[in-house]
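Every chain is numbered from 1, with letters handed out A, B, ... down the list of sequences.
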Amino acid sequence: MKQSSGFFPTLREAPKEAEAKSHVLMLRAGLIRQLAAGLYIYLPLGWRALRNVEAIVREEMDAAGAIEVLMPSLQPDLLWKQSGRWDVMGPEMMRLQDRNEREFVLGPTHEEVITSLVASEIRSYRDLPKNLYQIQTKFRDEIRPRFGVVRAREFIMKDGYSFDVDDDGAGVSYQAMYDAYARLFHRCGLTAMPVEADTGVMGGSRSHEFMVPAEIGESEIVSCGACDYRANRELTESSAPESVSSANALPLEEVHTPNQRTIEEVAAFLKVEPASMIKTLIFTDGEKPFVVLMRGDCAVNEIKVAKAVGKPVELASPETIQQVTGAPVGFAGPVGLTGVDVWADLSIKSIGVGVTGANKADYHLKNVAIDRDFTVDRWADLRLAEPGDVCPKCGKGTLSMTLGIEVGHVFVLGTKYSTALNAVYTDEKGERRPMVMGCYGIGVSRTLAAVVEENSDDKGIVWPVTVAPYHVHLLNLSPKSEEVTKASAELYDGLRAAGFSVLLDDRDERPGVKFNDADLLGLPYRVIVGEKGLKSGQIEFVQRKSLEKEPIAPADVIARVKGLYAEELSRFTP
RNA sequence: CGGGGUGUAGCGCAGCCUGGUAGCGCAACUGCUUUGGGAGCAGUGGGUCGGAGGUUCGAAUCCUCUCACCCCGACCA
């Protein structure tokens, strides 16, 4: 492709709306342009790179036995009402009506559609297992679109769904996808690490997220320094601390704590450690409020709470808190609370005798003893893991935390959707049973952003050969010179005949402009044809990675590119 | 949804406080020179100052409303 006749707009300065490295580079290099918040146009370079990612995904999915289909983005309300998610999904799901006021959804995902398809087409164990996938546009009205294509409202996703006869079969399907994901992210030039992940309130037994470490990552990954434990912080377990006896507690004492509301304020005011305070949080599960007790120096993991309760939960409003505790926010405590369930984190057992709110404005209680002064209805691990915690798996190492971009998620779903949408089969004995499902997602457009995020330097993108929109950037430094143009054309044809995609910079621009644009675009191999060198039969070859220039004879260019390409490709192929 | 910020030429910005009819750099266009790391000189074109309403003789500037985009938060009592 000739740069002069294509559509390759570059930006000299970074647009002010972009902050993330990948966002800035994708805008500047002319991969994308923003249409509105969370909506992006893919320009030719971005679209080519995106299609390369898609091709890798397809190859690996097909190789793993998955079958490609394409489902509509627009979906009827009925399926969502059947699965129960019409009500669960909330405003994140884009809803609209047709001219007859029938309700539709712009699909945020496709479990409902695929399950109804399979339900109507597959009836026998003989037809199972099946693994179907698609690469398609998804819509989610994100609470806050961010970082360009990393969190968009319309984005491209590979979503796959497996249907098996039983849990064992689902495990096999799951593992095949897990392995395919590891291969395919590696091929994209990403260090994507699988991390144990939350299966959500919906249930499901196994789940891993594939995370690319990045500054702008929105997920917190916890990993052990001593063993191979890696997990999303959301689901990292906390081991129970040792219990401390409260047998010798002094009598309960009310203390005046005017305007001291937070743990820090009260701890400082009463000169006690936050670790000896009982933090009292009022949650609601949508129907009724309940209480969660947490040691003052620890944070509550809301996901763990939701799992323990079995429903989505949120912190209660100040009004509800007033109702439950009889006091304004900041003075809640478990002593004397009635009519609500009291959950307590295991860490509470290590307090023994503590300090907590008195359920009365501007008062706290000292010498609070567990069992003597209040009772706990249920104990559970509800604590948010912190860096420095002891590893819950090996018990030896300590945990550290990094941020990651979630590029893929594999999931054993179980029978939730097959039951709701009647995807059942008849087994060998003639019994009807629900299929056991798995689902497997890849944020394809986000993966592209992750590739840029991970592969760049201060001058621009440094594409891995597998995803690069073109293999070779051929710079004709003197388009007005017949010899240079002729030599460039020959190289262009030769490289293409050898199977490489080539971007030919034939623009009437100064060399400096071309060099800077080439650095920005970041194509792996650069061939520079200039007037001076050509006179002595020499041109120049540059690898984008190193930016080191090597003189080369035109006749040797193809062999050089071939050699490097083969070498590099082998590095990206597991 | 809450808080903060920004909207002025294609891009990046100044002007706003203290009202007087819009400017800088880059880009674009023309000419000449230049041609291996974002050229020089000379010239040209381009702006509903996000939108609506108001105050005023007069509004980019002050006031009200509104829209868009960005950032932080939407979990700790």
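On the C1' atoms, B:G53 is 16 Å away from B:U48, given to the nearest whole Å. When the C1' atom is compared between B:C57 and B:G2, the two are found 43 Å apart, to the nearest whole Å. Taking the P atom of each, B:A39 and B:A22 are spaced 33 Å apart, rounded to whole Å. Here, B:C11 and B:G54 have their C1' atoms 34 Å apart, quoted to the whole Å. Comparing the C1' positions of B:U6 and B:G15 gives a spacing of 16 Å, expressed to the nearest Å. Only the C1' atoms considered, B:C70 is 33 Å distant from B:C29, to the nearest whole Å. Only the C1' atoms considered, B:A74 is 10 Å distant from B:G3, to the nearest whole Å. For the C1' atom pair drawn from B:C62 and B:U56, the interatomic distance equals 10 Å after rounding to whole Å.
When both pairing distances are held under 3.5 Å, B:C16 makes no Watson-Crick or G-U pair with any nucleotide shown. Across every strand in view, B:G2 sits in a pair with B:C72 that passes the Watson-Crick or G-U test at under 3.5 angstrom. Base-pair partner of B:U21: not found among the strands shown (Watson-Crick or G-U wobble, both distances under 3.5 Å). The base-pairing partner of B:C62, taking Watson-Crick or G-U wobble contacts with both distances under 3.5 Å, is B:G54. Pair assignment for B:A42: B:U30, on the basis of Watson-Crick or G-U wobble contacts that are both within less than 3.5 Å.
Sequence order on RNA chain B of the closest nucleotides to A:K279 and A:E19 puts A:E19 first from the 5' end. If A:T262 and A:I528 are placed on RNA chain B by their nearest nucleotide, the residue sitting closer to the 5' end is A:I528.
Taking 4.0 Å as the cut-off between side-chain N and carboxylate O, A:R95 and A:D141 do not count as a salt-bridged pair. Residues A:R295 and A:D345 are not paired through a salt bridge, judged by the lack of any N-O separation under 4.0 Å between the basic side chain and the carboxylate. A:E215 and A:K21 are not joined by a salt bridge, as no carboxylate oxygen comes within less than 4.0 angstrom of a charged side-chain nitrogen. Between A:D519 and A:R526 there is a salt bridge, since a side-chain N of the basic residue sits under 4.0 Å from a carboxylate O of the acidic one. The pair A:K535-A:E531 does not count as a salt bridge, with every side-chain nitrogen at least 4.0 angstrom from each carboxylate oxygen.
No close placement of the A:H473 and A:Y525 rings is indicated, their centers lying 6.0 Å or farther apart.
For residues 324-342 of chain A, there are no side-chain hydrogen bond (donor to acceptor under 3.5 Å, both in side chains) pairs, not counting sequence neighbours. Pairs of residues two or more places apart, or lying in two chains, that qualify as salt bridge (Lys or Arg N to Asp or Glu O under 4.0 Å) and include a residue from residues 284-293 of chain A are A:D285-A:K288, A:D285-A:K311, A:E287-A:K311.
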What are the atom names and distances for every N/O pair under 3.5 Å that joins the protein to nucleotides 3-12 of chain B?
unit_1, atom_1, unit_2, atom_2, d
B:U6, O2', A:K16, NZ, 3.1
B:G12, OP1, A:K16, N, 3.2
B:G12, O2', A:E13, OE2, 3.3

Is there any protein nitrogen or oxygen under 3.5 Å from a nitrogen or oxygen in nucleotides 39-46 of chain B, and what are the pairs?
unit_1, atom_1, unit_2, atom_2, d
B:A39, OP2, A:R510, NE, 3.2
B:A39, O4', A:R510, NE, 3.4
B:A39, N9, A:R510, NH1, 3.2
B:A39, N7, A:R510, NH1, 3.2

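Of the listed nucleotides (B:G37, B:C70, B:C71), B:C71 has the atom at the smallest distance from the side chain of A:R146. Here the side chain of A:N516 is nearest to one of B:C72, B:G37, B:C69, namely B:G37.
Atom CZ of A:R144 is separated from atom P of B:C72 by 4 Å (rounded to the nearest Å). Between the P atom of B:C70 and the CG atom of A:L35 lies a distance of 12 Å, rounded to the nearest Å. As rounded to whole Å, 21 Å separates atom P of B:C75 from atom CG of A:D297. Whole-Å rounding puts the A:Y40 OH to B:C70 P distance at 6 Å. Here B:G38 presents its P atom at 17 Å from CG of A:L521, a figure rounded to the nearest Å. B:C76 atom P lies 18 Å from atom NZ of A:K304, rounded to whole Å. Between A:E264 atom CD and B:C75 atom P there is a gap of 17 Å when expressed in whole angstrom units. At whole-Å resolution of the value, CD in A:Q260 and P in B:C76 are 18 Å apart.
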Name every donor-acceptor pair, under 3.5 Å, that has one atom in a side chain of residues 25-35 of chain A and the other anywhere in the protein, sequence neighbours excluded.
unit_1, atom_1, unit_2, atom_2, d
A:R28, NE, A:L11, O, 3.0
A:R28, NH2, A:R12, O, 3.4
A:R33, NH1, A:L27, O, 2.6
A:R33, NH2, A:P9, O, 3.4
A:Q34, NE2, A:Y40, OH, 3.0

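Residue-level contact check: A:A332 touches neither bases nor backbone, having no heavy atom under 4.0 Å from any strand. Counting non-hydrogen atoms under 4.0 angstrom, A:R28 reaches a base of the nucleic acid. Counting any heavy atom pair closer than 4.0 Å across all strands shown, A:L475 reaches no nucleic acid atom. Contact annotation for A:K532: backbone-only contact, meaning every heavy-atom pair under 4.0 Å involves sugar-phosphate atoms and none involves a base. Among the atoms of the strands shown, base atoms are found under 4.0 Å from some heavy atom of A:A316. Within 4.0 Å of A:T280, counting heavy atoms only, lies at least one base atom of the nucleic acid. At the heavy-atom level, A:A18 lies nowhere under 4.0 Å from the strands shown.
The number of heavy-atom neighbours closer than 6.0 Å to CD of A:E142, taken from other residues, nucleotides and ligands shown, is above 12.
Contact between A:D389 and A:R383 at its shortest, heavy atoms only, is OD2-NH1, 2.9 Å.
Between the A:K279 side chain and the A:I263 main chain, no donor and acceptor come within less than 3.5 Å of each other. No side-chain donor-acceptor contact under 3.5 Å links A:R446 to the backbone of A:V407.
Donor-acceptor pairing under 3.5 Å is recorded for the side chains of A:N476 and A:T485.
Between A:R295 and B:C76, a side-chain N or O to OP1/OP2 separation shorter than 4.0 Å is absent. At least one side-chain nitrogen or oxygen of A:Q34 sits closer than 4.0 Å to the OP1 or OP2 atom of B:C70.
Across residues 480-489 of chain A, not one residue has a non-hydrogen atom less than 4.0 Å from an atom of RNA chain B.
Between A:Q543 and A:R560, some side-chain heavy-atom pair lies under the 4.5 Å cut-off.
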